[in-house]
Amino acid sequence: MGYHMSLSIRLTINGQPRDVALDDPRVTLLDLLRERLHLTGTKKGCDRGQCGACTVLVDGRRINSCLALAASMDGAQITTIEGLADGETLHPVQATFIAHDGFQCGYCTPGQIMSAVGLINEGRAGDDPERIRELMSGNICRCGAYQGITEAVLEAQKILSDDEKRDAA
Amino acid sequence: MQHETASPTARHHRHGSNAGQPLTRRDGLLKVTGRATYAADNHPDGTLYAVVATSSIARGRVRSLNVEAAKAHPGVVEVLTPANRPPLAHDPDEKMPPFGFRVEVLQDDTVRYVNQPIAMVIAQSLEAATEGAALLDPRYETEPARTGPSNGTRFDPQAIGVGAPARTAHGDIEAGLAVAARVTEAEYVTPSQYHNAMEPHAIVAQWDGDRVTIDMPNQALALSCASYAAYFGIPAENVVIRSPFLGGGFGSKAILNGPQILAILAARMLGHPVKLALTRAQMYGPVGHRGRTWQKLRLGTDAQGRLTALHHHALGATSSFDEFIEPAANASLPLYASPAILAEHEGLRLDIGTPGPMRAPGEASGSAALEVAMDEAAEACGMDPLDFRLANYAETEPVTGKPFSSKALRECYVEGAKRFGWSERPLAPRTMRDENGFLVGWGMGTAVFPCPHFPAEARATLRADDTALVETGGVDMGQGAWTALAQIAAEALGLDPDQVELRSGESTLPDGGIAGGSAHTASAGMALHNAGGNAIAQLAELATADPESPLFGAGNIGVVAQAGRLHRRDDEQRGETYAAILARAGRTEVVGTAKSTRDPAVASTHAMYSHGAVFAEVKIDPDLGQIRTTRLVGAFAAGRIINPRLVRSQYFGGMIWGISFALHEEAITDRRTGRFLNADLAEYHVPVNADVPALDALLIPEDDPHVNAIGVKGVGEIGITGTVGAIANAVWHATGTRVRRFPIRMEDLLAGSSAE
């Protein structure tokens, strides 16, 4: 029954390099974050990649962290909800989620926000609400805050693209 | 110092305060930064992980478990089975008063439903506990599962829902049907639905001697403390529940369940904190659900389209060993005027986990059937569905004849119809197409939800520095209690919400009552309102009795609290600040405490409901039958609105649950085994963002002088009612096919089309 192993991985979480000694190959990235590193902002809703509550960015791409084994994350750059704000300054997506009431219970929110950040980074959000609804549909919100989520993503996308234009000018 | 509430004469008057402001959520920052702490986010030192093993059969007994294999797995600490489960002080096969059900906590080897706990594995890591549970390899003696009306046992229930009578009659139903010009008769079927809060039921339990601290999402803190105390043979004050944030509740976190009791038991047995979180699949069984119904309606109408009889019969499924019958037929009691109304219920015993309250229990499934039946009756009368409802508008509560405490339903109809454009609707079905050739249909339904009140308590400490601490064991499962309750307290104290700190979400605080029945804002809010009023009254006493105060002698005239200052009711200029009053009295604070209850005199003379009207547009692919809700307008009247931003979100959430009920949700059971075919979020469909169109929720002004002193009704559940029927009726209007089974599926429409 030899599940014990010793594997050391090095990864960067929210800009901080971390050396993590894994004693078990079964640990998912989600459970590593939550149960071993105590970064509990990322949530477990289904553990099956069906709800999106565990969404984080790995090397800039949004993934379901419940479907990724921690052992496969050696060398990865990971961003979680805890790493999004710049000190006291919220990321535009965080701020617009508050302003548009894009959540109720808040449990799916970290995943929604990370997914929205990923979506905007992908350059696919645009200003079409229908498109945002489609591309945010991997994140379930049982409270039904979808209207606010869509509005929040639209506004954040606008803020970020205005920033970009200003920076380019 | 306590004062009981709240006669209508003690009615609160607004005076330029902050209530009614659309503030953003006070807990917003915590929620968008990942710092809001849900139960499973807690990690006390030495925490062990529990994983519950659940049955894969619906009925029978567990013959064997390979406990040795599980125990031999590295990291596994203990395996709990009926053989070694420590005793409980309350028999789990007995109900726990007042609302608790019988629970399955390894009392024996019988299996009564799929996903019933049959063992619990505790280990040093989640991975080891999970693997240990998988190694148990249960073997069963299986009996045939009773899965539906063909093999379940029918019975006449003693009560339905939470203690409501199974039968309510008004007038003579057969006589009413006999004089009817037309009788519309149909049967409607609603499926079993599972709450599926995004946060699975989780618990972290730690004991210190005979005291236990429990982190868990919980909709009824004080009640749960008393129940846990009874199970564990300790005083209620030895149980502390911390539940600052719930990742959704919808009724499923109001009632104790077996797995959570077992986790607390394991923590005591092992002398370690124990953490348990159910898997998504394990939420299909031990934590309640909305039970299936089969509803028959008979509507008699006269030549003018007025109801002569309204008969609603509901058969509701429950478990083989306990009762929660969805009180669906009672949806026909409060809404439409009819000289004869009969609501009656029957039970059906199946091999399932006991159902329970799920957002709008009874109202949602009953409204779904009633609103479609009303549409069918309108069609039979050749009337517009809205005109038909107006023709049957109830000016008083139909069964009791009591006046409504307030009822702005007419305004809801008018404003909702206007916003939607209802007057353009052609009467005949299958007459509208969009530019892509899709069938377009418009439907509507009436929304209604009662206004219960739960006893609650609160404390308000007004300090000399113009701040206040207000405390009540309230519950925020997303409805916005952290914000709305603070707004109510601030108004009562004459302060800005920023000056008011709210402590909530813990059982050590004054009992905040139950977050259910859409009653929490009113119940806990009234307690805070009264506690604030009590603190202000003490302050006024100090001032009016003090010759040095400009308020001296103003006791008879009365004083008003506003902006941190008391002034004479008849002269705003004559007054002084709270700080000045306290300083002269040599006090640093005053502490007000209060309870809130409903005045039984008002309750006996008035019927109290929130109302609304929902209008839906659907578009349907004529070849594929694919249905999309494309527009949804709800207009709701629910008394005074504390925070329009949050209330609108509640209505949206309810309306989306209505979309879900109408078109998506259904737990499907394999009739051969009683097992679920879709106990996961991929195949149990709930709406995703792309399923939800632009929504509109109109807040119709309504002043209710009776419901409570702050005029607040409930908003959390009403949005589902009306919406389900509106969508189903829109589907009929688009296609001409009447579907009477929920959720409505594309195959229902394709079959209907070919039959035409």
Side-chain angles (χ1 to χ4, degrees), chain A residues 1-4 23-24 26-27 31 34-35 38-51 53 80-82 84-85 90-91 93-95 97-99 101-110 113 129-130 132-134 136-150, chain B residues 24-25 27-38 40-41 43 49 72-75 125-128 130-131 196-200 245-250 277 279-280 476-480 645-646 648-650 652-657 680-682 686-692 694-695:
Chain A
M1 306 295 293
Y3 282 99
H4 281 287
D23 61 358
D24 193 321
R26 298 166 299 192
V27 180
D31 290 331
R34 288 185 50 78
E35 307 300 336
H38 297 178
L39 286 166
T40 53
T42 307
K43 297 296 184 250
K44 183 184 285 188
C46 71
D47 218 17
R48 293 288 181 276
Q50 298 168 341
C51 77
T80 71
I81 190 73
E82 289 94 343
L84 213 51
L90 293 179
H91 186 282
V93 174
Q94 291 173 309
F97 262 67
I98 294 176
D101 214 32
F103 52 90
Q104 293 182 23
C105 83
Y107 196 81
C108 74
T109 311
I113 289 175
E130 205 50 43
I132 287 170
R133 288 185 189 120
E134 190 66 35
M136 286 295 291
S137 282
N139 293 79
I140 294 174
C141 170
R142 182 60 156 163
C143 297
Y146 293 128
Q147 182 123 327
I149 291 169
T150 304
Chain B
T24 56
R25 289 171 197 263
D27 46 347
L29 185 64
L30 293 178
K31 284 179 173 173
V32 302
T33 53
R35 302 203 311 261
T37 309
Y38 301 80
D41 299 342
H43 287 274
Y49 292 84
H73 187 73
S125 73
L126 176 59
E127 292 75 22
T130 305
E131 187 104 18
N196 274 304
M198 293 313 296
E199 176 199 29
F245 299 104
L246 294 82
F250 313 118
T279 67
R280 181 59 50 181
D476 198 329
M477 49 189 171
Q479 73 282 40
R645 181 192 306 266
L646 306 188
R648 198 168 275 116
S649 289
Q650 284 296 291
F652 286 162
M655 289 159 74
I656 291 170
W657 275 55
D680 61 71
L681 284 171
V686 299
V688 297
N689 204 325
D691 292 314
V692 177
L695 304 170

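Computation of the quantities below employed the complete heavy-atom set of this structure, encompassing side-chain atoms and omitting hydrogens, waters and symmetry-equivalent molecules. Note on naming: letters A, B, ... go to the chains in the order of the sequence lines (proteins, then strands), and numbering restarts at 1 for each one.
Separating the OG1 atom in A/T109 from the CD1 atom in A/I81 is a distance of 8.0 Å, to the nearest 0.5 Å. Within the model, atoms CG of B/N689 and CG of A/N139 stand 9.0 Å from one another, a figure rounded to the nearest 0.5 Å. Rounding to the nearest 0.5 angstrom, the gap separating the CG atom in B/D476 from the CD atom in A/Q104 is 9.5 Å. To the nearest 0.5 angstrom, B/L681 atom CG is 11.5 Å from A/D47 atom CG.
Contacts between B/A682 and chain A at a heavy-atom distance below 4.5 Å involve backbone atoms as well as side-chain atoms. Contact annotation for B/F245: neither backbone nor side-chain heavy atoms come within less than 4.5 Å of a heavy atom of chain A. Proximity to chain A involves both the backbone and the side chain of B/S649, based on heavy atoms less than 4.5 angstrom apart. Both the backbone and the side chain of B/D680 come within contact range of chain A, judged by heavy atoms closer than 4.5 Å. The contact between A/L90 and chain B is made entirely by side chain atoms (from C-beta outward), counting heavy-atom distances below 4.5 Å. Heavy atoms closer than 4.5 Å to chain B are found in both the backbone and the side chain of A/I140. Looking at A/A95, there are no atoms closer than 4.5 Å to chain B (heavy atoms on both sides), in backbone or side chain. Residue contact with chain B, scored on non-hydrogen atoms closer than 4.5 Å, involves the backbone and the side chain of A/E35 alike.
Nearest heavy-atom pair, A/G45 versus A/C51, reported as atom, atom and distance to 0.1 Å: CA-SG, 3.6 Å. Listed here is the closest heavy atom pair of A/Y146 and B/V688: OH-CA, 3.4 Å.
Top candidate by heavy-atom pairs under 4.5 Å with chain A, chosen from B/P687, B/A277, B/A36, is B/P687. Here A/H38 is the residue among A/R48, A/H38, A/M136 with the most heavy-atom pairs under 4.5 Å with chain B. In terms of non-hydrogen atom pairs under 4.5 Å with chain A, the most contact-rich of B/T130, B/N196, B/L126, B/T37 is B/N196. Considering only heavy-atom pairs separated by less than 4.5 Å from chain A, the leading option among B/D691, B/V692, B/T33, B/L246 is B/T33. When each of A/E82, A/E134, A/H91, A/R34 is checked for heavy-atom pairs under 4.5 Å with chain B, A/R34 comes out on top. Top candidate by heavy-atom pairs under 4.5 Å with chain B, chosen from A/G41, A/G144, A/G138, is A/G144.
Taking A/C108 as the reference, A/Q112, A/C141, B/M198 meet the side chain to side chain contact (heavy atoms under 4.5 Å, CB included) condition, with sequence neighbours excluded.
Salt bridge A/K44/A/D31: present, at least one basic N to carboxylate O contact under 4.0 Å. Taking the charged nitrogens against the carboxylate oxygens, A/D101 and B/R25 do have a contact shorter than 4.0 Å, which makes a salt bridge.
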